Amino acid sequence: GAEKIRWKMQAAYGSNLPALGDTIPGVLDDLREVTDNRIIIKHFEPNKLVPTLNITDAVRTGKLEAGYTWIGYDQGKIPSSTLFSAVPFGMEPWEYMAWWYDGDGQKLAEEIYEKNNVHPVLCGLTGPETGGWFNKEINSLDDIDGLKIRYAGIGGRILQELGASVTVLPGGEIFQALEKGAIDASEFSLPTVDEKLGFYEVAKYNYFPGWHQPFAAFHLIVNKDKWDAISDADKKLINLTCQASVTRNLASAEAYQGKAIEFMKSKGAETRKLPDPVLHELEDVTEKVLKQEADKDADFARVLKSQKAFQAQYQEWQDLGYLPRDF
Amino acid sequence: MNASIEATAPELEPAPQGLSGEVLPHTPISRVLDGLIRHIGEFSAWLWPVLMLVIIVNVVSRYVFSQGFIELEELQWHIYSAGFLIALSYALLRDNHVRVDLFRERFSFRTQAWIELGGMLLLLGPFIGLLLYYSVPYVIDSWHMNEASSAPGGLSHRWIIKSALPLGLGLVLLAAFSRFTRLVAFLAGSEVRHAD
Amino acid sequence: MPINEMLAIGMFASFILLIFTGFPIAWALGGVAIAFTGLAMLSDNYLDTFIAIDWSYTSLAIDRIWGTMSSWVLVAIPMFVFMGQMLDRSGMAEKLMLNVSRLFGRLNGGTAIAVVIIGLLLAASTGIVGASVALLTLLAVPVMLKREYQPELAVGTVCAVGTLGILMPPSIMLVMMADQLAMSVGDLFMGAVFPSALLGVVFVLYIVIRGWMRPDVAPAGNDAEPVNFGIILDALKSILPPAFLILAVLGSIFAGIATPTEASGVGAFGATLLALANKRLNRQVMREVCRETSQTTAFIFALLIGATAFSLVLRGLGGDEMIADALHGLPFGPHGVVICILLLTFLLGFVLDWIEITLIILPLVAPVIHTLGFDIVWFTVLFAVCLQTSFLTPPVGFSLFYCKGVAPPSIGVKTLYKGVTPFILLQASVLAIIFLWPDLVTWLPAQAYSGQ
Ligand code: NA
Ligand code: NA
């Protein structure tokens with residue numbers, strides 16, 4: 001198609017955040033360059049047009065043509081969205097990629113989002129985030145009881161079940177709240193991002209693993225009417241560019257985490273791993289919470305079932321084909 | 001103007017210069033609308049001490065009993081946003097929005113009335129009208145999708161607080177319409193001046 | 001020049017012209033946003049441009065208002081207003097005035113110095129400029145005139161001191177700025193402490209020096225009683241309640257016990273208890289406080305709603321990039337850019353007040369400051385000090401309005417203008433000091449984080 005495309009797109013993360021916000025500007029540059037300025041999607045930084053949590057709303061109602069976001073933010077309206085973006089004790093990134101492209105992932109996401117007049121394109125993917133920054137040691141579940149913690153999404157629900165007092169502070173307030181002891185702990189993002197935000201200056205322990213999100217997926221979401229209006233060739237082009245971006249994003253997210261962790265250690269951050277019994281208990285609660293959510297929402301149940309089935313058949317291969325983790 | 005409003009008239013505000021409620025005649029429409037808006041505005045003003053108490057309860061429970069309630073935290077901004085949205089019309093009723101009086105005080109009352117009439121038709125009306133027009137589907141959407149807070153333990157039924165938006169904007173439009181009728185009556189040269 | 005940029009300039013120009021008609025600024029902002037959405041659509045239709053904004057784009061204002069509604073940070077604004085209104089009626093200020101001015105009665109410029117000290121205490125315990133200026137004018141100006149102060153010095157002092165409330169935390173202006181720039185309210189509060197205290201010190205120095213050089217402009221009260229133990233005790237007793245409030249509000253924020261929002265609720269509650277203790281609290285007072293809180297909150301948020309639509313459309317027209325390019329293109333180097341922004345802010349302050357400037361100009365210039373590598377807290381505090389002068393600069397200076405509204409009839413506009421001029425210069429020199437010594441701003445917030 002020779003039609004010009006001129007869209008406005010707002011991102012959920014600042015383009016200064018490595019492997020988180022710097023992904024989508026590259027996609028838009030690629031699209032512009034390969035089409036010789038025929039496809040120009042204008043990039044807006046977070047909150048420039050709409051509040052971050054409202055990006056999907058704005059796209060759905062056609063006020064914005066496109067957005068780049070972690071669609072789990074929609075969970076107040078589309079409960080299953082969280083399964084497409086991060087699941088506690090869920091799939092690993094390449095497993096998610098397999099489920100998305102070769103399993104039912106993409107089909108289900110398109111079906112559920114298109115009911116909401118939005119077309120989702122997987123366009124960014126990273127591995128686990130850190131388990132969080134703590135000013136208290138976690139040796140057993142009792143240490144979670146009464147903990148004041150900032151934790152977003154289903155992970156927060158799970159900690160709440162265990163007696164934590166969970167808040168969802170805006171990103172800009174986390175630093176001070178941790179420093180001042182208004183909260184005891186917080187999760188935010190990848191080590192490279194946490195380093196940039198300086199959490200190591202105000203929290204003692206950096207806990208791993210990122211049990212609450214073994215993968216984090218990000219989507220380019222496009223208003224369905226706008227998506228339908230473009231040519232098949234352009235749809236293909238956007239899909240391809242996003243597939244390339246998923247690969248690049250995963251690579252860049254994996255590339256520098258080790259360095260970031262080393263740096264933060266050198267600044268005095270104590271890296272810790274959550275004890276196995278705690279992880280097992282967290283997993284049990286996760287099962288319970290996911291089941292509760294599935295009972296409440298049919299789409300959630302459908303997606304969860306598909307993921308579980310995919311994970312079960314994958315497990316076979318993972319156990320046999322790969323070297324054991326503690327080898 | 002109502003006597004009770006006079007009694008609470010802000011002694012600390014700059015003295016009203018120009019076209020005040022005193023000068024503008026009331027109309028049958030404005031009497032009804034102003035009464036309605038005044039009652040709603042004065043009633044909603046009691047939200048502020050309620051907000052204060054919710055904060056105090058939350059602070060005490062967090063620091064004394066070490067138990068924070070996300071519901072109470074969310075309730076805080078629910079009360080605050082309902083409070084300021086409803087107050088918009090109340091402030092319009094009392095002509096208490098910020099303006100630059102520099103030249104205005106030199107204009108005759110008729111000129112001021114014409115300017116305000118034009119402003120309402122060309123600026124306030126279209127602006128509030130557009131917001132109102134788009135805020136109704138905004139609420140219906142939220143209701144349809146059964147929107148709840150995405151925070152764990154947050155409040156459900158988001159459409160209720162979102163309704164404060166069209167409610168507040170609708171009241172602003174009513175308050176503006178009421179003042180509009182008074183301006184027209186004034187410009188039409190109505191001799192009727194009500195002190196009440 | 002591309003059409004979208006012409007529209008962006010036209011948008012700003014129409015707004016400035018429209019506000020001089022005296023139509024409420026909030027609705028002028030919103031109306032201009034609608035009008036220029038329409039013009040952009042016409043331009044796309046007939047002039048073959050690609051601005052790509054339409055009604056549905058401008059209706060993003062709804063989402064932005066929802067962002068304001070669900071803001072935890074902004075909840076502090078009505079609560080700080082409530083606190084101010086309640087303090088205003090609690091009788092605290094009268095007691096302060098009575099007892100503190102007796103301490104300085106025998107000094108040249110003593111009453112004016114007392115005004116500064118009371119103003120600082122009021123500023124740190126509340127933040128409503130209108131209330132502070134009116135109170136100080138009502139209580140102190142007649143006393144100073146009776147003591148044969150030069151009227152210019154008398155009104156200049158109360159006007160300038162009254163504005164300290166907007167800078168000295170807790171401050172609704174700083175809350176609003178923190179919200180606009182997604183920065184920590186606590187940081188900004190801490191950053192503003194020394195600059196606002198410095199302003200107070202500079203005011204006192206000025207009065208002392210003037211009183212010493214020309215005793216006739218601020219004569220000591222010949223009727224004043226000598227300072228004795230009883231007077232000191234009374235003064236201390238009257239300082240206790242505001243000191244307690246300051247400790248409860250600012251202390252709890254700085255110590256990290258409470259978020260600014262929680263502190264605002266605690267402050268409102270404290271002010272209510274204070275009014276109760278002074279036997280000033282009754283149903284009528286409560287009702288007045290509630291209604292005044294509604295009024296003030298309403299006009300602030302009306303401006304926020306208008307400005308959010310205005311900024312949205314301006315951004316859609318490419319106004320943001322235009323400003324950023326223009327600032328980056330200035331040939332003066334990074335510090336020169338900051339000076340230009342502050343100068344522009346100072347000039348805009350003659351006709352606009354802090355709310356519009358904070359809502360429209362600050363978000364336009366802050367990203368540029370970021371890219372130039374300056375500390376954003378430092379810049380924001382500079383911006384705040386600069387905005388403080390907008391209360392004093394005619395023709396639209398709210399301190400002047402409030403003072404004129406309640407001052408004795410002998411005080412004319414000329415006296416007011418002449419009275420505030422030296423204080424505007426003092427504020428400008430403090431601005432320069434902060435500009436040259438950023439540590440004044442950045443030291444305290446940094447201190448807070450080094451304890452780890
Ligand atoms: Na203050
Ligand atoms: Na001014």
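So that the names make sense, note that chain A is the first sequence line, chain B the second, and so on, each numbered from 1. Predicted model, so just to flag it, every value in this text is computed and none were measured.
Remark: A/L49 CG to C/I53 CD1 distance equals 10.5 Å, nearest 0.5 Å. Rounding to the nearest 0.5 Å gives a distance of 8.5 Å between CG of C/L60 and CD of A/Q10.
Of the two parts of A/N47, only the backbone, made up of N, CA, C and O, holds a non-hydrogen atom closer than 4.5 Å to a non-hydrogen atom of chain C. Using a 4.5 Å cut-off between heavy atoms, C/W66 contacts chain A through its side chain alone, with no backbone atom that close.
More than 12 heavy-atom neighbours from other residues, nucleotides or ligands sit within 6.0 angstrom of NE2 on C/H328. Dense packing is recorded around NZ of A/K42, with more than 12 heavy atoms of other residues, nucleotides or ligands lying under 6.0 Å away. Remark: A/K115 NZ is packed, more than 12 non-hydrogen atoms of other residues, nucleotides or ligands lying under 6.0 Å away. Remark: A/N37 CG is packed, more than 12 non-hydrogen atoms of other residues, nucleotides or ligands lying under 6.0 Å away.
Between C/E321 and A/K48, no side-chain nitrogen of the basic residue sits less than 4.0 Å from a carboxylate oxygen of the acidic one, so the salt-bridge criterion is not met.
Contact check for A/I40 versus C/F50: no side-chain heavy atoms found under the 4.5 Å cut-off.
Residue C/G67 comes nearest to A/P51 through the heavy atom pair CA-CG, 3.7 Å, listed as atom of the first residue, atom of the second, then distance.
Within the 3.5 Å criterion, the main-chain N or O of C/G316 finds no donor-acceptor partner in the side chain of A/K8.
Of the listed residues (A/T61, A/L64, A/D57), just one forms a side chain to side chain contact (heavy atoms under 4.5 Å, CB included) with C/D63, and that residue is A/D57.
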